[in-house]
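Notes follow the structure.
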Amino acid sequence: MEKIPFLSEVFDSINEGIYILNRQGDYIYCNSAFLKMVGATRDDVLELNAFRLVPEGQVSISVAVMAFEQKKKLSVVNNVCTPKGYHYRQLATATPIFDSVGEIEYMLVEMVRLDLFKKRYQQAILDEDLDCIEVPGLGDSVGDRPETFVAESQSMRALLDMAKQVAGVDSTILISGETGTGKEVLANFIHRHSHRADRPMVEINCAALPENLLEAELFGYEKGAFTGALNTGKPGMVEEANGGTLFLDEINSLPLALQGKLLRVLESHKSKRLGAVSEREIDFRLLAATNQDLKTCVEKGSFRADLYYRLNVIPLEIPPLRNRREDIIPLALFFLDHFCKKYGRTKVFTKGVFNQMMCYDWPGNVRELKNVVERLLITSSVGTMEIRQVPENLLGEGSVPPPPPEVYPADWESIYQYDPEDFSLKKYMNFCEKQVVAAALKRCGSSYKAAELLKTDQSTIIRKRQKYGIS
């Protein structure tokens with residue numbers, strides 16, 4: 001108890017607003033910055049209860065109530081209007097504090113005014129220390145951190161689990177997917193999780209070089225093998241991958257004449273340079289990627305069937321971004337953070353930008369999303385912190401199709417005829433609301449995305465789901 005006055009002095013010296021709730025939602029503490037932000041006295045605040053604020057119309061959304069309901073740390077951005085008519089935007093973060101049996105005992109809420117944060121950040125930039133601060137002993141290296149591959153959707157998580165599982169063996173892996181889905185990223189992921197991770201991963205794009213150069217690049221050549229050859233000769237990519245991994249991207253573009261030679265190398269693990277007499281023993285693991293269906297290529301005669309079956313030992317298919325929309329926002333945030341660091345800026349996306357991104361089909365997949373994020377950052381006004389809109393000319397016309405007709409509520413006449421005695425306007429409105437909320441949750445997969453689709457807040461969706469018993 002002796003430490004409480006001291007802690008109060010510490011909290012009162014903090015620029016951010018802070019308040020603490022008990023498990024019943026009663027305000028049991030608030031600091032001076034919070035009182036200044038809301039323009040109230042401490043006695044007035046300590047009479048409040050968080051669970052009554054929304055029903056009483058004092059606030060439209062309560063991050064504390066949302067955190068109580070979801071039992072996890074949450075952050076939201078609020079538009080605030082004080083009793084004196086002053087408007088500002090704030091970032092509010094609610095952190096649950098659990099007791100010994102896993103129930104929430106207290107809720108700590110911090111609030112930061114974005115305009116003041118921007119001023120402090122700008123001043124910090126002026127006083128920036130450009131020297132690198134080394135922090136030893138933080139565990140895994142950057143390349144081993146999970147955030148190097150962003151996967152929130154169930155399909156991508158399952159794909160990564162499979163990739164980790166097969167990374168430990170030397171079987172050939174065929175990665176397929178549309179252009180821009182991240183086949184090269186997945187190949188690097190597999191290499192990093194293999195027992196060959198300390199050896200090189202040699203990459204070559206089979207579509208990037210003409211046939212005569214591609215053969216020399218793949219298999220190398222001896223001195224005098226052809227006009228213009230180096231006097232020292234040159235090892236091929238297959239040789240350079242000895243002990244490590246060879247990644248052949250767009251293998252569907254490999255000329256037929258070279259497909260047989262590659263098959264021979266895969267079967268024997270021996271490679272012969274152009275102009276050489278003898279073969280060399282090579283130990284490598286092959287990863288191949290294609291943006292076309294190789295089975296179709298076999299049927300058309302542009303790809304050898306025997307090579308296809310030799311490559312297709314472990315097939316991994318990356319779904320297009322339009323089929324894993326749960327990854328769009330996490331990927332956009334990942335790229336935004338990357339480019340903010342690269343260009344020395346601080347920017348955030350508004351909900352409107354996320355809505356635009358979620359309603360676009362991304363025919364260029366992850367690569368297109370990355371390019372859009374970079375362009376939005378570097379073309380946005382330097383004087384603003386928020387990126388509020390994606391220009392119409394930046395995204396094509398591909399968009400999410402409208403929900404199927406069955407998600408819309410039935411007409412009132414059919415319901416009335418079914419049970420005229422029990423029919424009322426209130427019951428019909430509840431029926432409609434339940435149908436719409438249930439359909440949105442089914443379509444979006446989460447209350448957060450359902451709230452975005454229905455243009456409301458997440459807490460409302462959670463309350464409606466509990467009210468109507470929607471699973």
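With respect to Arg157 and Glu326, no salt bridge is recorded, no charged nitrogen being found less than 4.0 Å from a carboxylate O.
Take Arg465 and apply the salt bridge (charged side-chain N to carboxylate O under 4.0 Å, His left out) test, not counting sequence neighbours, and it matches no residue. Ala163 meets the side-chain contact (heavy atoms from CB on, under 4.5 Å) test with Leu186, Phe189, Ile190, Leu316; sequence neighbours excluded. Every residue two or more places apart in sequence or in another chain was checked for a salt bridge (charged side-chain N to carboxylate O under 4.0 Å, His left out) with Asp249, and none qualifies. Legend: residues meeting side-chain contact (heavy atoms from CB on, under 4.5 Å) with Ser176, ordered by chain and number and at least two apart, are Thr290, Glu317. In this structure, the side-chain contact (heavy atoms from CB on, under 4.5 Å) partners of Lys341, at least two apart in sequence or on a different chain, are Asp337. With sequence neighbours left out, Ser171 forms a side-chain contact (heavy atoms from CB on, under 4.5 Å) with Val169, Val313, Ile314.
When all heavy atoms of Leu369 and Ala332 are compared, the closest pair comes out as CD2-N, 4.0 Å. Arg310 and Thr172 make their closest contact through NH1-OG1, 3.3 Å (heavy atoms, listed as atom of the first residue, atom of the second, distance). Minimum interatomic distance between Leu453 and Ala440 (heavy atoms only, all atoms of both residues): CD2-CB, 4.1 Å.
Side-chain atoms of Gln356 never come within 3.5 Å of backbone atoms of Gln389 as a donor-acceptor pair (strictly under, hydrogens ignored). Although no hydrogens or angles enter the test, the distance criterion places no donor-acceptor pair under 3.5 Å between the side chain of Glu279 and the main chain of Lys270. Looking only at distances, a side-chain donor or acceptor of Arg345 sits under 3.5 Å from a matching main-chain atom of Leu377. With Asn242 contributing its side chain and Asp283 its backbone, the two residues share a donor-acceptor pair below 3.5 Å. Proximity of a side-chain donor or acceptor of Glu250 to a complementary backbone N or O of Ala207 within less than 3.5 Å is not detected. Remark: the backbone N or O of Asp170 is not paired with any side-chain donor or acceptor of His195 at under 3.5 angstrom. Put simply, the side chain of Asn365 gets close to the backbone of Leu321: a donor and an acceptor are under 3.5 Å apart. Checked by atom type and distance alone, the side chain of Arg325 pairs as donor or acceptor with a backbone atom of Met358 at under 3.5 Å.
For the atom pair CG of Leu307 and CD of Glu267, the computed distance is 9.5 Å after rounding to the nearest 0.5 Å.
In this structure, Phe354 and Phe349 have perpendicular ring planes: the angle between them is above 60°, well past the 30° mark.
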